[in-house]
J.: 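Sharing a structure, written as structure tokens. Questions coming.
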Amino acid sequence: MRWFRYSPVRISYHAFKYAKASMHLGRSLGRQFGYLPTLPARALWLAFLPLASLAYFKENRRRLRSGVPRPTDFPVPEWQPEARHPGL
């Protein structure tokens with residue numbers, strides 16, 4: 001988050017993409033919130049959550065209409081919080 005002042009549009013875009021991609025992976029909102037390490041990151045995620053939710057539901061509706069299976073049918077390894085980089 002310390003880079004936000006240098007590139008607010010890019011960081012905001014990544015917050016939006018993180019929320020939307022996590023929904024596509026089936027992660028709950030509480031789990032997404034818990035993965036974010038700092039309060040500013042959580043606030044930015046919360047700010048973009050409504051927009052990301054709308055985009056997710058639009059994409060999911062399109063996927064359901066086309067009959068394409070959900071892309072998360074393969075097992076995903078569990079994320080380990082202690083493996084985080086200490087500088088993040």
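Fair warning: this is a prediction, and the values are worked out from it, not measured in the lab.
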J.: What residue pairs, at least two apart or across chains, pass side chain to side chain donor-acceptor pair (under 3.5 Å) with a residue in residues 7-18?
T.: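 Found none.
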J.: Report the distance from atom OG of S22 to atom OH of Y35, rounding to the nearest 0.5 Å.
T.: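 Reported value, rounded in 0.5 Å steps: 8.5 Å.
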J.: What distance do N60 atom CG and M23 atom CE have between them, rounded to the nearest 0.5 Å?
T.: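 N60 CG to M23 CE: 11.0 Å, rounded to 0.5 Å.
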J.: Taking distance alone, no hydrogens or angles, what donor-acceptor pairs closer than 3.5 Å link side-chain atoms of residues 45-54 to residues at least two apart or in another chain?
T.:
unit_1: W45; atom_1: NE1; unit_2: Q32; atom_2: OE1; d: 3.0
unit_1: S53; atom_1: OG; unit_2: L49; atom_2: O; d: 2.8

J.: Between L36 and A41, which heavy-atom pair has the shortest distance, and what is it?
T.: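 Where L36 meets A41 most closely, the heavy atoms are CD1-O, 3.8 Å.
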J.: Does any pair with a residue in residues 35-46 pass salt bridge (Lys or Arg N to Asp or Glu O under 4.0 Å), and if so which ones, sequence neighbours excluded?
T.: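 For residues 35-46: none.
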